[in-house]
Amino acid sequence: MTRLTHFIANQDVVPASGAWLPVYEPATGTRYAEAPDGDARDVAMAVDAARAAFPAWSTTPAATRSRILLDIADRLERRVAEFAQAESRDQGKPVALARDLEIPRAAANFRYFATKILHESTECFRTDSLTSGDRALNYVLRQPRGVVGAISPWNLPLYLFTWKIAPALATGNTVVAKPSEITPYTAWMFGELCREAKLPAGVLNIVHGLGPKVGQAIVAHPAVTTITFTGGTSTGAAIAAAAAPHFKKLSLELGGKNATIVCEDVDLESALSTIVRSAFQNQGEICLCGSRILVHRARLKEFCDRFIDESRTLKVGDPTAPDTDVGAIVSRQHLEKIQSYVALAKLEGGKVACGGGVPRLLPERCRNGWFHEPTVIVGLAPNCRTATEEIFGPVVSIHGYDTHGEAVAIANGTRYGLAASIWTRDIDRAHRMAAKIDSGVVWINTWMLRDLRTPFGGMKDSGVGREGGDDAMRFFTETKNVCVGFRES
Ligand code: NDP
């Protein structure tokens with residue numbers, strides 16, 4: 001059985017506690033590796049390493065930082081198949097999804113920020129004082145903030161891990177990162193890549209373990225100036241409370257309950273397969289999945305019939321099989337949470353129109369794995385718990401609406417505000433609706449098309465702050481105004 005280690009100052013470090021956590025393969029329900037059960041002592045060691053590395057890394061020329069980060073991206077791209085297989089075994093997702101989308105995207109995160117830092121400019125303002133006759137030129141410095149704490153979840157493990165650490169490192173910070181203890185494997189492999197690419201010791205440190213121990217110790221450490229977190233809303237609230245007295249800079253990317261709005265003029269022929277994918281990709285374990293589908297009543301019956309037919313064609317099964325569409329649920333505990341929501345939906349008056357349980361025809365290897373069928377629930381009120389709380393699994397509810405104003409009101413009727421999609425041929429109307437929807441991202445006639453230059457984040461209980469593109473560059477740097485006076489005569 002593989003024993004993972006922390007990655008601190010480019011060394012493989014065993015946990016100070018001497019204790020290990022089991023790592024399971026969701027598709028089989030078997031334990032196949034062990035991860036360090038880290039604690040505050042390991043975090044302190046990692047923060048010391050990151051602090052020691054900061055002066056040299058933060059003053060390393062951008063071109064040199066860029067070369068090292070591009071080397072990491074190259075190495076990851078050369079090993080896509082191996083990383084994809086590991087990600088799938090650890091998380092339960094179809095190996096094809098990891099190979100074709102997520103691991104290449106992790107490399108792209110590094111490539112994008114490694115090249116972005118080569119093309120940065122800064123603002124300059126001329127000041128003419130009305131009273132004193134003084135003149136000045138102001139320029140803006142954006143400097144790295146020091147040690148960044150990066151905490152990421154289990155659904156898109158390496159994709160989201162690199163989404164945080166790539167801009168943090170590119171802008172000259174050093175990092176202490178914690179992957180989810182449920183999916184630690186590719187982060188562990190990633191440390192090895194960084195060592196091969198000769199990332200200087202201490203620039204990136206990876207500490208494994210439980211959120212309440214390792215995550216909390218990262219947030220509480222006085223030398224960690226900046227926290228970037230992706231995960232659940234209640235964890236985000238705990239982190240915000242712990243960070244507030246120390247005035248740490250915080251970016252929180254939290255949960256969602258995203259509306260998919262289907263208008264009466266939708267081109268269902270071209271839209272349907274993407275709408276189905278938006279509901280069930282990665283077993284519905286993507287914060288951006290459309291889990292509430294709002295359909296104009298003029299097309300409700302037709303949409304339900306076609307959506308359910310298409311959902312029934314999805315193959316649930318072994319994540320290693322090339323034709324699997326829906327893999328395993330990440331943990332037994334999460335499977336139980338999904339099942340409890342299906343039970344709740346029935347209590348709330350919903351009818352399970354498709355799926356609802358554990359698939360029957362699983363291969364022998366997966367007999368003890370954690371699987372759930374793509375599930376469609378109809379007949380629920382749009383404000384019930386099932387339709388407003390985040391399930392984060394392959395479960396969607398479909399609701400009818402009569403006016404576009406009503407659709408927007410339902411879309412805005414949850415505590416969340418992460419993403420929405422609108423499906424219509426009337427682009428003017430789509431623009432008007434997009435402006436009224438309270439969410440950080442609105443897609444029109446597409447879904448999950450993510451450009452690394454665009455701002456990403458949520459409104460309301462879906463988060464605070466934006467990352468991606470220039471927003472990430474600003475988040476991971478401290479802005480300073482330098483004012484240089486001069487006389488013209
Ligand atoms: P959690 O909030 O449970 O965990 C996220 C990370 O935080 C994990 O590494 C976890 O460690 C750690 N953590 C837990 N408790 C603490 C604590 N007290 N202090 C510091 N760190 C802590 O989320 P999940 O892993 O369950 O991920 C699913 C959630 O993530 C969903 O709500 C989903 O919507 C959200 N998400 C949001 C995205 C966005 O961009 N807005 C994108 C992807 C997911 P451990 O695993 O050991 O508990």
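One-based numbering, in listed order, for ligands and for the atoms of each. Positions are given from 1 along the sequence.
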Worksheet item: Measuring from the heavy atoms of Gly209, does anything fall under 4.0 Å of ligand 1?
Response: yes

Worksheet item: Starting from atom 41 (N) of ligand 1, which protein heavy atom do you reach first, and at what distance in Å?
Response: Leu254 O, 2.6 Å

Worksheet item: Do His334 and Trp154 come within less than 4.5 Å of each other through their side chains, counting heavy atoms only?
Response: yes

Response to the item:
Near Phe456 (heavy-atom distance under 4.0 Å), the atoms of ligand 1 are 40 (O)

Worksheet item: So, Lys93 side chain and Asn155 main chain: donor-acceptor pair closer than 3.5 Å or not?
Response: yes

Discussion item. I'd like the name of whichever of Ser152, Ala150, Gly457 reaches closest to atom 8 (C) of ligand 1 through any heavy atom.
Written reply: Ser152

Response to the item:
Per-atom filter on ligand 1: closer than 4.0 angstrom to a heavy atom of Ile239 are 19 (N), 20 (C), 21 (N)

Worksheet item: Which protein heavy atom lies closest to atom 13 (N) of ligand 1, and at what distance to 0.1 Å?
Response: Gly211 CA, 3.3 Å

Practice prompt. Identify which one of Tyr24, Trp188, Tyr32 satisfies the side chain to side chain donor-acceptor pair (under 3.5 Å) criterion when paired with Asp90.
Written response: Tyr32

Discussion item. Under a 3.5 Å distance rule, please check whether Ser439 uses its side chain to pair with a backbone N or O of Ile437 as donor and acceptor.
Written reply: no

Worksheet item: With sequence neighbours left out, which residue pairs that include part of residues 330-343 fulfil the salt bridge (Lys or Arg N to Asp or Glu O under 4.0 Å) condition?
Response: none

Worksheet item: Should you measure from each heavy atom of Leu210, which atoms of ligand 1 turn up under 4.0 Å away?
Response: 47 (O)

Response to the item:
Numbered in order shown, the ligand 1 atoms found under 4.0 Å of a heavy atom of Gly232 are 1 (P), 2 (O), 23 (O), 29 (C), 30 (O), 32 (O)

Worksheet item: Tell me, which protein residue and heavy-atom name are nearest atom 19 (N) of ligand 1, and how many Å apart are they?
Response: Gln216 N, 3.5 Å

Discussion item. Among all the protein's non-hydrogen atoms, which is closest to atom 42 (C) of ligand 1, and how far away is it?
Written reply: Cys287 SG, 2.6 Å

Item to complete: Salt-bridge test for Glu192 and Arg195: reply yes if a basic N is under 4.0 Å from a carboxylate O, no otherwise.
Response: yes

Practice prompt. Taking only heavy atoms of Ile151 into account, list the atoms of ligand 1 that are under 4.0 Å away from them.
Written response: 6 (C), 7 (O), 9 (O), 12 (C), 20 (C), 21 (N)

Worksheet, complete the sentence: One finds that the ligand 1 atoms under 4.0 Å from a non-hydrogen atom of Thr230 are 5 (C), 36 (N), 37 (C), 38 (C), 39 (C), 40 (O), 42 (C), 43 (C), 44 (C)

Discussion item. Using a 3.5 Å distance criterion without hydrogens, assess whether the side chain of Asp39 forms a donor-acceptor pair with backbone atoms of Arg41.
Written reply: yes

Worksheet entry | Top protein contact for atom 27 (O) of ligand 1, by heavy-atom distance | Pro153 CB, 3.3 Å

Fill in: Element-labelled atoms of ligand 1 that are located less than 4.0 Å from some non-hydrogen atom of Leu418
41 (N)

Worksheet item: Is the distance between the ring centroids of Phe190 and Phe110 under 6.0 Å?
Response: yes

Practice prompt. Identify the protein heavy atom lying closest to atom 44 (C) of ligand 1, giving its residue, its atom name and the separation to 0.1 Å.
Written response: Asn155 ND2, 3.5 Å

Worksheet item: Which atoms of ligand 1 sit under 4.0 Å from any heavy atom of Leu160?
Response: 42 (C), 43 (C)

Worksheet item: In the protein, what heavy atom is nearest to atom 16 (C) of ligand 1, and what distance, to one decimal place, separates them?
Response: Thr235 CG2, 3.3 Å

Item to complete: May I ask whether atom 4 (O) of ligand 1 is less than 4.0 Å from at least one protein heavy atom?
Response: no

Practice prompt. Identify, for atom 26 (O) of ligand 1, the protein heavy atom at the shortest distance, and state residue, atom and that distance.
Written response: Trp154 NE1, 2.8 Å

Practice prompt. Would you mind reporting whether Phe303 and Leu272 have side-chain heavy atoms less than 4.5 Å apart?
Written response: yes

Item to complete: Please determine if Asp37 and Lys213 form a salt bridge, counting it only when a charged side-chain N lies under 4.0 Å from a carboxylate O.
Response: yes

